[in-house]
Amino acid sequence: VYHSSFKDESGAGQACGCPLLPLRTPIKGPAPLADPGQFDIIDEAINFFRANVLFRKFEVKSSADKLLIYLTMYINMALKRIETCKSEAEGIKVIINLGLEKFPIPGEPDFPLGGLFTTPGSPQEADLFRNYLKQLREETSGRLMGRVYRPNGSPNKWWLAFAKRRFMNILLPF
């Protein structure tokens with residue numbers, strides 16, 4: 001299992017027991033901006049996805065690993081949705097719709113990783129965490145499309161083959 005390299009979160013804010021790590025993104029949200037050439041948690045999740053998705057157990061060694069788990073599950077769910085799309089345009093529509101869907105956060109009944117994240121202490125913390133996850137999901141979707149589809153618009157079977165796998169034997173309902 002590959003763990004996150006973001007072990008020192010001293011400068012990062014926290015919400016629901018999770019660090020708000022900097023992101024390289026033009027999408028507006030609560031995440032601090034990372035330097036343009038800097039490797040971020042989304043790069044890490046996408047790069048480690050095909051190796052990590054093969055494991056049924058994942059030992060959390062840092063709070064950044066929680067984000068890595070969440071993003072790995074989100075990538076798996078996105079691939080399941082994209083798997084039936086025959087063209088990149090169709091895949092983009094599916095991913096945009098996925099980004100617009102309402103999703104649960106810790107403390108809500110349908111959140112599958114309840115033991116991993118803490119329940120928000122206030123409505124402000126819940127909003128902050130929901131907006132951070134929304135920003136993560138949107139940016140991950142955009143970067144993932146560059147890997148899942150080739151430059152000619154055809155699906156990349158070496159990525160879509162992993163849509164059938166379940167990370168930690170959990171399938172996200174959202």
Participant: Calculate, to the nearest 0.5 Å, the distance between atoms CD1 and CD belonging to I92 and E90 respectively.
Facilitator: 11.0 Å
Participant: Quick one: pull up CD1 in I41 and OG in S4 and give me the separation to the nearest 0.5 Å.
Facilitator: 3.5 Å
Participant: Is a side-chain N or O of N76 found less than 3.5 angstrom from the main chain of T72, in a donor-acceptor match?
Facilitator: no
Participant: Establish whether I95 and F103 are linked, either directly or via other cluster members, by ILVMFWY side-chain heavy-atom contacts under 4.5 Å.
Facilitator: yes
Participant: Ignoring hydrogens and geometry, is there a side-chain-to-backbone donor-acceptor pair from N152 to S154 under 3.5 Å?
Facilitator: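 Yes.
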Participant: I'd like to check the salt bridge (charged side-chain N to carboxylate O under 4.0 Å, His left out) partners of E108; sequence neighbours left out, ordered by chain and number.
Facilitator: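 So E108 forms a salt bridge (charged side-chain N to carboxylate O under 4.0 Å, His left out) with R130.
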Participant: Output the distance between atom CG (L98) and atom NZ (K93), rounded to the nearest 0.5 Å.
Facilitator: 16.0 Å
Participant: Do C18 and S63 come close enough that some side-chain heavy atom pair is under 4.5 Å?
Facilitator: no
Participant: Check whether any side-chain heavy atom of I46 lies under 4.5 Å from a side-chain heavy atom of L71, and answer yes or no.
Facilitator: no
Participant: Cluster question for you: counting only ILVMFWY and a side-chain heavy-atom cut-off of under 4.5 Å, with indirect links fine, are L133 and I96 together?
Facilitator: yes
Participant: I'd like to check W159 versus I82 (side-chain heavy atoms, cut-off strictly below 4.5 Å). Are they in contact?
Facilitator: no
Participant: Is it true that, when you exclude F162 itself, more than 12 heavy atoms of the residues, nucleotides or ligands shown sit nearer than 6.0 Å to its CZ?
Facilitator: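 Buried by this count: over 12 neighbours within 6.0 Å.
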Participant: Are the aromatic rings of F129 and F117 close, with centres under 6.0 Å apart?
Facilitator: yes
Participant: Looking at L68 and A45, what are the two nearest heavy atoms and their distance?
Facilitator: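 Nearest heavy atoms, L68 then A45: CD1-CA, 3.5 Å.
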Participant: Please tell me whether F49 and L160 are part of a single hydrophobic cluster in this structure, the criterion being side-chain heavy atoms less than 4.5 Å apart.
Facilitator: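 Shared cluster, yes.
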Participant: Which heavy-atom pair separates L20 from A15 by the least distance, and what is that distance?
Facilitator: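 What the structure gives for the nearest pair is CD2-CB, 4.2 Å.
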Participant: Please test L23 against L33 for side chain to side chain contact (heavy atoms under 4.5 Å, CB included), starting from the C-alpha separation and ending with a verdict.
Facilitator: CA-CA 5 Å; L23 302 176; L33 289 177; over 6 Å; no
Participant: Table please: side-chain donor-acceptor pairs of residues 138-149 below 3.5 Å, with sequence neighbours left out.
Facilitator:
from	atom 1	to	atom 2	distance (Å)
E138	OE2	K134	NZ	2.5
E139	OE1	T25	OG1	2.7
E139	OE2	R143	NE	2.8
E139	OE2	R143	NH2	3.4
T140	OG1	L136	O	2.6
S141	OG	Y74	OH	2.6
S141	OG	R137	O	2.9
R143	NH1	D40	OD1	2.8
R143	NH1	D40	OD2	3.3
R143	NH1	D43	OD1	2.9
R143	NH2	R24	O	2.5
R143	NH2	D40	OD2	2.9
R147	NH1	N47	OD1	3.3
R147	NH2	N47	OD1	2.9
Y149	OH	S87	O	3.4

Participant: Would you say that L67 contacts Y132 through its side chain, given a criterion of any heavy-atom pair below 4.5 Å between the two side chains?
Facilitator: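 Yes, at least one pair of side-chain atoms sits under 4.5 Å.
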Participant: Taking all non-hydrogen atoms of both residues, which atom of P120 and which atom of I105 are closest, and how far apart?
Facilitator: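 Here P120 and I105 meet closest at CG-CD1, 4.3 Å.
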Participant: Search all heavy atoms of P155 against all heavy atoms of C85 and return the closest pair with its distance.
Facilitator: CG-O, 4.1 Å
Participant: Out of curiosity, does W158 fall in the hydrophobic cluster containing L54 (side-chain heavy atoms, cut-off under 4.5 Å, transitive links)?
Facilitator: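 Unlinked, L54 and W158 end up in two clusters.
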Participant: Within the distance-only criterion (no hydrogens, no angle test), does the side chain of E83 pair as donor or acceptor with the backbone N or O of L79 below 3.5 angstrom?
Facilitator: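 The answer is no, because no donor-acceptor pair under 3.5 Å joins these two groups.
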Participant: Residues in side chain to side chain donor-acceptor pair (under 3.5 Å) with E88, at least two apart?
Facilitator: none
Participant: Flag the pair Y70 / L113 as yes when at least one side-chain heavy-atom distance between them is below 4.5 Å, and no otherwise.
Facilitator: yes
Participant: Distance-only, no hydrogens or angles: does the K66 side chain make a donor-acceptor pair with backbone N or O of G17 under 3.5 Å?
Facilitator: yes
Participant: Should M73 and V60 be regarded as members of a common hydrophobic cluster, given that ILVMFWY residues are connected when their side-chain heavy atoms come within less than 4.5 Å of each other, either directly or indirectly?
Facilitator: yes
Participant: Indicate yes or no: at least one non-hydrogen side-chain atom of E44 is less than 4.5 angstrom from one of Y2.
Facilitator: no
Participant: Closer than 3.5 angstrom, by distance alone: can the side chain of H3 be matched with the main-chain N or O of E59 as a donor-acceptor pair?
Facilitator: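 Indeed, once roles are kept as given, a pair shorter than 3.5 Å links the two residues.
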